[in-house]
Novice: 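Encoded as structure tokens, here's the structure I'll be asking about.
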Amino acid sequence: MDLYVPIIVLGVLAFAFAAGSVAMASLTGPKRWNRARLDAYECGIEPTPQPVGGGRFPIKYYLTAMLFIVFDIEIIFLYPWAVAFDRMGMFGLVEMVLFIVTVLVAYAYIWRRGGLEWD
């Protein structure tokens with residue numbers, strides 16, 4: 001049981017900090033309410049009207065998300081590969097070259113579709 005005491009203490013401290021932060025924010029925070037703050041986004045800017053069906057999003061939103069996922073996955077696979085590069089030998093090199101070629105194909109697709117151009 002002695003091994004679990006630091007974990008329990010850390011959990012109690014984390015909960016106390018979170019609860020205390022919420023309580024202090026509600027006690028010391030401003031109480032001014034206005035119409036813009038009560039809107040759905042609560043950012044202070046009047047939202048533009050949207051069609052009933054939600055409207056269509058430009059393809060750039062999806063391309064940006066796809067670009068983020070492609071490079072995020074690339075980093076997730078490149079880091080362990082770089083750490084264990086010596087032990088994998090030629091097999092690891094060939095596999096990583098194939099992986100990077102796949103990533104470059106996705107990057108070229110996004111570039112071609114205009115996902116890197118910001119208006």
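Keep in mind that the numbers below use all heavy atoms, side chains included, and drop hydrogens, waters and symmetry copies.
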Novice: Honestly curious: do L10 and V12 fall in one hydrophobic cluster under the side-chain, below-4.5 Å linking rule?
Specialist: no
Novice: Kindly give the cluster partners of V83, where membership spreads through any ILVMFWY side chain lying under 4.5 Å from a current member.
Specialist: Y79
Novice: Is there a chain of hydrophobic side chains (I, L, V, M, F, W, Y, each step under 4.5 Å between heavy atoms) that links F99 to F85?
Specialist: yes
Novice: Going by heavy atoms in the side chains, are L67 and Y107 under 4.5 Å from each other?
Specialist: yes
Novice: Nearest 0.5 Å please: distance from the CG atom of L98 over to the CG atom of L93.
Specialist: 9.5 Å
Novice: Starting from M24 and following side-chain heavy-atom contacts under 4.5 Å between hydrophobic residues (I, L, V, M, F, W, Y), which residues can be reached?
Specialist: none
Novice: With sequence neighbours excluded, what pairs up with L104 under the side-chain contact (heavy atoms from CB on, under 4.5 Å) test?
Specialist: I100
Novice: Please determine whether the number of non-hydrogen atoms from other residues, nucleotides or ligands lying under 6.0 Å from atom CZ of F77 exceeds 12.
Specialist: no
Novice: Assigning hydrophobic clusters by single linkage (Ile, Leu, Val, Met, Phe, Trp, Tyr; side-chain heavy-atom cutoff under 4.5 Å), is V103 placed with I76?
Specialist: no
Novice: Taking V105 as the starting point, is it possible to reach I69 by hopping between hydrophobic residues whose side chains are less than 4.5 Å apart?
Specialist: no
Novice: Any heavy-atom pair between the side chains of E95 and W81 that's under 4.5 Å?
Specialist: no
Novice: For the hydrophobic clusters of this structure (ILVMFWY residues joined by side-chain heavy atoms under 4.5 Å, transitively), does one cluster hold both L13 and I7?
Specialist: no
